[in-house]
Amino acid sequence: MDGRILLLFYILHLIIFYFFLIFPLGDEVTKKCDRNWGCRRFYNRINLGHDLEYSVDSADVQWRDFRKSLLLLATVACGHCLLSYFIDTYSPQKYVALCRQTFYVVFGTIFICIQHGFHSLIVIFLCLLGYYISKFRSHQSHPYLIWTFTISVLFLKESYRLQQYPAFQFLVYFFDTRFGGGMYSWRLPANFMVLRMVSFNMDSYWAHHQHRKSSNDVSIDSTAITTTNDDDSHPDSAYDSLLSYSAYMLYAPLYIAGPVTTFNAFLSYSKRRQTTENVAIYAIRWLGCLLLMEYFTHRFPFFAVISSGLVQHLTIAETAVLFYLTLKIMWLKFLLIWRFFRLWALADGVFVPENMIRCMSNNCSLEQFWKGWHSSFNKWLVRYLYKPLGGRDCRYVSVWLIFLFVALWHDLEPKLLAWGVLNAFFYVVEVLCRRVVKQYKPSAFLNALCVLGSAVYIGVLILVNLIGYSGAAGQSQLRVLFMRLTSTEGLTVLLVSGYFLVLGIFFMDYLKQMGCTASKDS
């Protein structure tokens, strides 16, 4: 078929899918929410003056808090970047890196003290422990020591769940913000703190052993010195600097939510400003995404629908559209949060990896999806877990440990542990299927089989992520949906969904052939 005719065919189906199915059904769900007080109470009404107002969905706590704090965060970011630029401009060239790192430590200390109050002492104490662990980098047991400490900190931050029991009520003084805890609990950004600690310690360990190997020609385990080519290497002495380490750990733009960058990369950009990314264009793109999020949370208040329990009053088709669009809105939410902090870092001259490098709707494999979703964390996992655990040769075993760590890193909850196990299982299945397919010659039948398998895996991706992130209310409503899918209406929804999924996969392949989805990260 001619390429232009094929493109028109796909565009026609996209119009039908979104403008005649998804959006009309989504609007019906919104109308039901408008008529239900339990759902409507989550609306945040914004007065524009002259009797004009509009409402947005504020049921999602993470987005509500970020949106509420956005003006304050933007003001702090502008002030931080202006001060940093002033230091770069007026510091002696020889001492620019020293001055920048000193500024990062001072600003970062003030930033976490405002954020956590007296609880910031906990953060400082844990950071200092992480630094002194690096002093053991000459020992082969150093990686085990830092990983033991990392897991311990993750369990420590999760111990807040025990404060409801009488024997552990003393924990409220360490976790409750009412007891000198400032604006924001220290345990929330602790996830990113431990990633930075591992990065510093492992980079210092590899640098030390690389230096010793090049000086003394000592043969050591090759997996112990695995490094990537995209980060600058530094002399062993660079890892003795408490100032550089503190600047990295307390760097304000990346402290709350990342993206994740390695110590090696951060140290390089503290000496020279990034020129890779155009900050102005990136900011305009971010503002465009923010407007889109405002539009979607106004038109489709689906976080409110899920939180209110209204799902049980929806048809199967409406429920399917609800969960489909909720995942898209969640993707946009994380994109905005991560890109705001990345924009702040870029404006300050520090280049950090992009997190959302691929449109969520342009994925038909689990491996591909996780390379594009929270990509900086994926790169961190590859560098500090996947390769040291043996890389491709041991991936069928290491993937279970990696996803269990990721689940623990997010939160110590049964639903997330189940999410980690399911991801690991379907990853292994996907890799095995890919190996089997490569043994056969390409054919129309094999291509059709791969398309059907990809359609199934899109369903798997939706299901697994809804299990992990939908919350208790969402999970109970998911069970109701599964039971209703066996009805005539449910089977019709499955058939229509399958049809458009298969077409979507063909469209992805078409875009790939046209070079429209080429990515330096894929």
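Computed from a predicted structure; not experimentally measured.
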Ignoring hydrogens and geometry beyond distance, is a side-chain donor-acceptor pair present between Gln101 and Tyr251 at under 3.5 Å? no

Check: Trp186 side chain, Phe174 main-chain N or O, donor-acceptor pair, under 3.5 Å: yes

Does a side chain donor of either Trp370 or Asn423 reach within less than 3.5 Å of an acceptor in the other side chain? yes

Around Phe170, counting heavy atoms of other residues, nucleotides and ligands shown, do more than 12 lie under 6.0 Å from its CZ? yes

Can you check whether Leu195's main-chain N or O pairs, donor with acceptor, with Trp380's side chain at less than 3.5 Å? yes

Could you label the plane-to-plane angle of the His374 and Phe377 rings as parallel, tilted or perpendicular, counting under 30° as parallel and over 60° as perpendicular? tilted

Separation of Trp338 CH2 from Lys333 NZ (nearest 0.5 Å): 9.0 Å

Can you tell me how far the CG atom of Leu126 sits from the CZ atom of Phe149, to the nearest 0.5 Å? 5.0 Å

Between Arg161 and Asp411, is the closest basic N to carboxylate O distance under 4.0 Å? yes

Can you tell which of Tyr248, Tyr245, Trp206 makes a ring pair (Phe, Tyr, Trp, His ring centres under 6.0 Å) with Phe200? Tyr245

Atom CD of Gln164 with >12 non-hydrogen neighbours under 6.0 angstrom: yes

Calculate, to the nearest 0.5 Å, the distance between atoms CD and CZ belonging to Glu367 and Arg395 respectively. 7.0 Å

Compute the ring centroids of His80 and Tyr255, then answer whether they are less than 6.0 Å apart. no

With side-chain contact (heavy atoms from CB on, under 4.5 Å) as the test, would you mind laying out the steps for Val123 and Gln115 before giving the verdict? CA-CA 11 Å; Val123 175; Gln115 288 281 311; over 6 Å; no

Strictly distance-based, threshold 3.5 Å: is any side-chain N or O of Asn201 a donor or acceptor partner for the main-chain N or O of Gly130? yes

Would a distance-only check, ignoring hydrogens and angles, find a side-chain to backbone donor-acceptor pair under 3.5 Å from Ser84 to Cys81? no

Check Lys135 with Asp240, please: is the shortest side-chain N to carboxylate O separation under 4.0 Å? yes

Do Val352 and Phe341 make a side-chain contact, defined as non-hydrogen atoms from C-beta onward lying under 4.5 Å apart? no

Compare every heavy atom of Cys359 with every heavy atom of Trp331, then report the nearest pair and how far apart it is. CZ2-CA, 3.9 Å

If I compare all heavy atoms of Ser138 with all of His209, which pair ends up nearest, and what's the gap? O-CE1, 3.8 Å

Within the 3.5 Å criterion, strictly below it, is a donor on Tyr386 or Ser398 matched to an acceptor on the partner's side chain? no

Closest heavy-atom pair, Ser134 versus His142, reported as atoms and distance to 0.1 Å, is CA-NE2, 3.6 Å

Would Arg100 and Tyr95 count as a cation-pi pair here, with the cationic atom under 6.0 angstrom from the ring centre and within 45° of the axis? no

Kindly compute the distance separating CG (Leu82) from CD1 (Ile87), expressed to the nearest 0.5 Å. 11.5 Å

Are any of the side-chain heavy atoms of Met360 and Asn465 separated by less than 4.5 Å? no

How long is the span from the CG atom in Leu188 to the CD1 atom in Ile256, to the nearest 0.5 Å? 10.0 Å

Could you tell me whether the side chain of Glu413 and the main chain of Lys415 form a donor-acceptor pair under 3.5 Å? no

Step-by-step side-chain contact (heavy atoms from CB on, under 4.5 Å) determination, Trp63 to Met293: CA-CA 10 Å; Trp63 176 249; Met293 184 67 173; 3.5 Å; yes

Intermediate values then yes/no, side-chain contact (heavy atoms from CB on, under 4.5 Å), Arg64 and Asp60: CA-CA 6 Å; Arg64 182 178 69 229; Asp60 185 84; over 6 Å; no

Answer yes or no: is there a side-chain heavy-atom contact under 4.5 Å between Ile458 and Ser454? no

Go through the side-chain N and O atoms of Asn264 and Tyr239 and say whether any donor and acceptor fall under 3.5 Å apart. yes

What about Phe179 and His119, are their ring centers closer than 6.0 Å? no

How about Lys271 and His234: do any of their side-chain heavy atoms sit closer than 4.5 Å? yes

Residue pair Lys371 / Ile357: nearest heavy atoms and the distance that separates them: O-CD1, 3.4 Å

Should Arg339 and Glu354 count as an ion pair when the cut-off is N to O under 4.0 Å? yes

Do you see a donor-acceptor pair shorter than 3.5 Å between the side chains of Asn355 and Ser376? yes

Using modelled atom types only, decide if a donor and an acceptor are shared between the side chain of Ser58 and the backbone of Phe42 within a distance under 3.5 Å. yes

Are any non-hydrogen side-chain atoms of Phe111 and Leu250 less than 4.5 angstrom apart? no

More than 12 foreign heavy atoms under 6.0 Å from CG of Leu72: is that the case here? yes

4.5 Å side-chain heavy-atom contact, Leu290 and Leu70: yes

Measure the CG-CG distance between Leu417 and Leu408 for me, rounded to the nearest 0.5 Å. 7.5 Å

Ring centroids only, cut at 6.0 angstrom: are Trp409 and Phe192 within range, meaning strictly under it? yes

Tyr384 and Asp203 side chains, donor-acceptor separation under 3.5 Å: yes

Measure across Arg196 and Leu254 and return the closest heavy-atom pair with its distance rounded to 0.1 Å. NH1-O, 3.2 Å

Using the ring of each side chain (for Trp, its six-membered ring), is Tyr90 parallel, tilted or perpendicular to Phe86, with breaks at 30° and 60°? tilted

Go through the steps for Ile112 and Ile124 under the test side-chain contact (heavy atoms from CB on, under 4.5 Å), then give the verdict. CA-CA 9 Å; Ile112 69 163; Ile124 293 171; 4.0 Å; yes

Looking only at non-hydrogen atoms, find the nearest pair between Ile402 and Leu385 and report the distance. CG1-CB, 4.2 Å

Here's a test for you: under ring pair (Phe, Tyr, Trp, His ring centres under 6.0 Å), which of Tyr282, Phe334, Phe66 qualifies with Phe340? Phe66

Are there more than 12 heavy atoms of other residues, nucleotides or ligands under 6.0 Å from atom CZ of Phe118? no

Check step by step if side-chain hydrogen bond (donor to acceptor under 3.5 Å, both in side chains) holds for Tyr104 and Asp348. CA-CA 11 Å; Tyr104 290 158; Asp348 185 44; 2.8 Å; yes

Check: Ile306 and Phe323 side chains under 4.5 Å, non-hydrogen atoms: yes

Geometric class of the Phe175/Tyr160 ring pair [parallel <30°, tilted 30-60°, perpendicular >60°]: tilted

Counting C-beta onward and ignoring hydrogens, is there a side-chain heavy-atom pair between Thr262 and Lys379 closer than 4.5 Å? no

